[in-house]
Amino acid sequence: MYGLGIVKGMYTTLMHLVRPPFTRQYPEEPVPISQRFRGYDFAWVEERCTGCATCAKACPHGVIDIITESLGDNRYAVERFDIDIGLCMVCGLCVEACPYDALFMGIGFELSSDRRWDLVVHKEDIANRGKFSAYYRTPLKEKIADREEITEIYNPSTGQNTPHA
Amino acid sequence: MTKELDGLTAAEIVARSFPDGIVEVLASSIVIRTDLLAEVARYLHDTPGLSFNYLEGIASVDYIDYFEVVYNLVSLEENHSMVIKVQAYGREKPEVPSVVSIWKTADFQEREEYDLMGIVFTGHPNLKRIMLWEGFPGHPLRKDFLEFDHRNIAPAGD
Amino acid sequence: MVAQDSAIKTQPIVINMGPQHPSTHGVFRLRLVLDGETVIDVEPVFGYLHRSKEKLEEERTYLQTLPITDRMDYLSSMTNNLGCSMAIEKLANIPVPERAQYLRVIMAELTRISSHCFAQGMQLQEMGAWATPLMYFIREREKIIDLFEMVSGARLTFNYIRPGGVSQDIPPEFIPACYKFIDEMPGYIDEYEQLLVQNEILRSRTMGVGVLPRDLAINSGASGPVLRASGINWDLRKQDPYLVYDRFDFDVPVGQHGDTYDRFMVRMYEMRESVKIVRQALDQLPPGPVTANLPIVIIPPPGDAYAHIETARGTLGFYMVSDGGANPWRFHVRAPSLINLTALREMIIGHKVADTVVIFGSIDIVLGEVDR
Amino acid sequence: MNGDIHNFFNIDGAIVSALSGILPAWALVIVAGLIGIIALLVFLVPSQLATIWIERKLIGRFQIRYGPNRVGLFGLLQPLADAVKIVGKESITPAGVDKWVFWLAPIVTFIPALLVYAVIPFGPNLILADLDIGILYLISISSLGVIPVFMAGWSSNNKYALLGAMRSVAQMVSYEIPLVLSIISVVMMTGSLKIGEMVSFQADNLWMFLLQPLALLIFFISASAELNRTPMDIVEGESEIIAGYHTEYSGFKFSMFYVAEYTNVLAVSAILSAVFFGGWLSAPILDLLPAWLWFIAKIYFFFCVFVWIRATLPRMRADQLMGLAWKFLLPLALVNILVTGIEVYMNLHPLLISFINIALAIGLVAGWSELIGNRAVRNERRQYIPVVPVVR
């Protein structure tokens, strides 16, 4: 008989009417993000960065701009470390490339600005953030645990720093 | 598992009907004479036992000296595949015969290669640009296509 | 002559469906010539989203090409990464650890489910079902995206599958979450079928509409569900097994009529089969390393390589030519979305305007891949 | 059904009788009419906002989302925000349109939508004009709805709008016929064209949906086709022809179409509940609420049914829609008239009529749809897992 399929469909939607909604009420209800989340707000550890610019070379779009000053004795001071987040496509290759674990992806994703140039973050903005997705790469996990200076890891689901296990 | 016919086997197959059609035999592909492409393609498509009825893809490469067009043929019935290549010389108007009449799938792909690489497929029924607009200067996938210049790529009248 | 003049004269009208149109999946233009409501000619026009990705890839190292392939078929980024990685591995003879192969299979099949979910939802949206099926399908897609976020850290452009394996091992919480998902997914598919499959309106809208005959399907190079709905049992996972697909037990759904309904149903069944594959892959997942130790800059020997995989939309092929440098000399993509459009004209002509969008939706293209 | 509680709302009569000594007779008619119109607007304007909110909220819940919940409590102010937004938008008159017709169409579209309410009985005496030809008036007015749609489509100088207008003419004209025919069998039973008397008939006998189930089905399908709502919104099918006849409209002009649509839906719900579901009559035990409240509750219930259908079903194609009207609904309506005529002639007991008609409806719908329907669409079971493992 015609109409049975339609009746079944109507029944299905009616049953969905009584289900709780699936939507997350985003601004009020925080979105649970994963430990590996690749967000925009980069974190940069100034003491570790040698200014080797591996990250800048690894970046497919060349959004990282590094200028260093020689201190002699094969040591360099980073004068400028700019990331143009407006062009960044958050692939994470710079973080993976960094041989000294000085650069991390952040967990933030709420980013907006009136001006394009406000999207360029400078080294003062990203230095010593303390908020980064530490699990981004598995090897990092062990490396971080070895380092004494980082004992706390930002946990995105609770929004607080927790001691690293 | 699709049986990939290597260069020697492919050359042997083609040489059965076109003894002088092969220019070069490579490890996994053969280069055939450009002017014979349509005939060879028809032969490969129609012959029972070969029946390369599925043209999986057409790619073109700019080797600066010449252009190479790569045809990736698959037979859905025999489940084997074969790669044939043709070379086109000249940077002004490199010409390759079209295979649209044999495989309809070549339609968009040849138009794409014409658009981006500038290879003219003679015999194509509707050879016009597909991605870029008419009047775009140059062919962007060529190695001599230089800088991304905003003055050049603004559409006319804009 | 006078008698002829007395007949009513009609004139075909030309309609530009798109570039901005509610159901063209992006910026795509169909130039329709209509006789009343019947389509008598159609010409697809595209390129509005052309970003010249192939040229962009030529200027980047092999590792850097991967994030760009993400952006081609943005509904199934994982499989784009997979195809590109397989071409690079073939070019540079990179071995892939077994665990990585299993992880790749899991990711590829989850991608297929999520992509089909979206395709089915959009298909119904084009039939005018006012977003309800779309919302139901997106509910599942969200769960898959959560799983992907768990492993890769991103929600749309994952950049997870790399030459030589995957970028990192799965986190410990992934496996239970994935099991949970594939346990409940068949129930959801049942729900969709209850909602849609026997619906008379849907069946009369799709059955016999947009028939792609067998021969034309092969000749026009269609692939994926479009080819299989036309009655050709051609799935690279079976016919040319890559990764570890030959170790899994699954069926390839094949239609018989080649109409829109068959394409719809083939996708529906493929979701079930993908769930089966994911379950088997999770069961068999071996321990071990997940990536070959590669330098950041891969330098393959000169030569060319072609790798193809079966994505949700069809055969995605990557043809790469290396000149021995750090960048690919030529990076060509065989995009299934573009090539499936070849037979669009034959499928649409003779149908009504309302069918045009349904047929177009049933091919399931992604404009990012058509134009690249 | 007795008196007071159901009639306390009859302010109209009270005012008119108070003024009867002061004003001449013709002025009394005007005063009475004005009061009625004001009362209708008092119902309609909040109803517009309420229906928009209900539709959005309900569709949201059907789609397992929340629906509007940002503006005000439970998003209750959402329709107000929508209204402010839509009125504040620029009203564009595209180049090349037929200006007079283009401007007139949204205004004209509102007239039949409002005129319909003149004969809708909200309660025993709560009816603006209980015309003797009430139902005929109603149908003739509602069939005017096609004219503004065609005006809008034609004047827009847009091919999508033109396609939508053509479709709407074909669709609305076709569906007038089964609509009228389904009502005719109801009229034959009640013996009156007055809507008020139809309701009283149902008070004495069974409610009409039990007596005339087939007429209800035909009326429901035809009416929802007249409303241009899913699954029959081919006139504005947004995935095919963008928005159909109102593609080029924006701002306030668009809002007129938007509001007229909801007014029409409410009107059809009102007719449905008046003609088939006992109008202001209450369910036997729940006699405490006033009659007009019962009626409004029924209207809103049917509005929710329309929303439910919209949330579930995909759209039909234009030719399938025509086929449904001419091949399915029309013959069934004719048969229904025949059977009803025989029943009325033989003066059967209502319960017996109800029994016969329900059986007839089920039998006819099943049999006739099997007969004329595309059997493949209904019955075909397709096989998808290949039997042959090989390629060929």
Side-chain angles (χ1 to χ4, degrees), chain B residues 1-4 26-29 45 51-64 67-70 72 74-77 79-81 83 85 100-109 111-113 115-117 126 128-134 136 139-143 145 148 153, chain C residues 43-52 54-56 58 90 214-223 227 232-234 236 238-242 246 303-306 308 314-321 323 329-336 338-346 370-372:
Chain B
M1 196 79 188
T2 306
K3 190 179 160 206
E4 289 174 8
L26 302 169
S28 60
S29 58
H45 179 269
S51 60
F52 286 100
N53 51 4
Y54 191 82
L55 173 61
E56 191 166 303
I58 298 178
S60 61
V61 191
D62 179 6
Y63 283 112
I64 298 181
F67 292 96
E68 194 170 82
V69 184
V70 185
N72 205 316
V74 180
S75 167
L76 299 192
E77 292 175 4
N79 201 358
H80 56 203
S81 70
V83 180
K85 297 177 176 177
V100 175
S101 55
I102 302 157
W103 295 288
K104 191 176 155 46
T105 175
D107 186 357
F108 283 174
Q109 303 189 50
R111 275 176 69 187
E112 190 190 341
E113 299 309 335
D115 185 359
L116 302 177
M117 193 64 93
N126 182 24
K128 58 181 188 184
R129 284 185 179 268
I130 189 168
M131 299 293 178
L132 305 168
W133 55 92
E134 293 296 328
F136 182 89
H139 302 282
L141 282 185
R142 287 190 176 185
K143 291 288 174 188
F145 183 85
F148 179 79
I153 71 156
Chain C
E43 184 194 3
V45 182
F46 37 86
Y48 297 96
L49 209 60
H50 179 63
R51 295 156 291 179
S52 204
E54 295 176 3
K55 185 80 173 176
L56 291 176
E58 287 174 12
K90 210 166 167 181
R214 219 189 113 91
D215 294 340
L216 183 63
I218 298 176
N219 200 301
S220 66
S223 53
L227 181 73
I232 300 129
N233 186 1
W234 181 261
L236 291 178
K238 282 277 189 201
Q239 313 298 344
D240 187 13
Y242 52 97
D246 46 355
D304 59 349
Y306 177 79
H308 56 186
T315 304
L316 174 70
F318 284 87
Y319 178 70
M320 281 184 205
V321 179
D323 64 338
W329 177 259
R330 174 81 169 98
F331 188 101
H332 174 82
V333 185
R334 185 243 189 242
L338 172 71
I339 295 168
N340 285 352
L341 281 177
T342 312
L344 182 68
R345 186 169 179 274
E346 281 73 14
V370 172
D371 296 341
R372 297 197 295 292

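All of these numbers come straight from a predicted model, not from anything done at the bench.
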Checklist line | Region of Leu132(B) in contact with chain C, defined by heavy-atom distances below 4.5 Å | finding: side chain
Next item on the list: Let me know if Ile339(C) has heavy atoms under 4.5 Å from chain B in its side chain, its backbone, both or neither.
Entry: side chain
Next item on the list: Let me know if Asn340(C) has heavy atoms under 4.5 Å from chain B in its side chain, its backbone, both or neither.
Entry: neither
Margin query: Just to verify, what does Asp371(C) make a side-chain hydrogen bond (donor to acceptor under 3.5 Å, both in side chains) with, not counting sequence neighbours?
Written below: none
Check: Does the Arg372(C) side chain pair with the main chain of Glu54(C), one donor and one acceptor, at a distance under 3.5 Å?
Finding: no
Next item on the list: Sort Val100(B) into side chain, backbone, both or neither according to what part of it lies under 4.5 angstrom from a heavy atom of chain C.
Entry: neither
Item checked: Distance-only donor-acceptor check, side chains Asp240(C) and His308(C), under 3.5 Å -> yes
Margin query: If I compare all heavy atoms of His45(B) with all of Phe52(B), which pair ends up nearest, and what's the gap?
Written below: CD2-O, 3.5 Å
Notebook entry, point to check: Is it the backbone or the side chain of Val70(B) that comes under 4.5 Å from a heavy atom of chain C, or both, or neither?
Noted result: side chain
Item checked: salt_bridge(Asp107(B), Arg345(C)) N-O dist < 4.0 Å -> no
Notebook entry, point to check: Would you call the rings of Phe46(C) and Phe108(B) parallel, tilted or perpendicular if under 30° counts as parallel and over 60° as perpendicular?
Noted result: perpendicular
Checklist line | Portion of Leu341(C) that has a non-hydrogen atom of chain B nearer than 4.5 angstrom | finding: both
Next item on the list: Would you mind checking which part of Val370(C) comes under 4.5 Å of any heavy atom in chain B, side chain (CB onward), backbone (N, CA, C, O), both or neither?
Entry: backbone
Next item on the list: Counting only heavy atoms closer than 4.5 Å, note whether Ala335(C) contacts chain B via side chain, backbone, both or neither.
Entry: neither
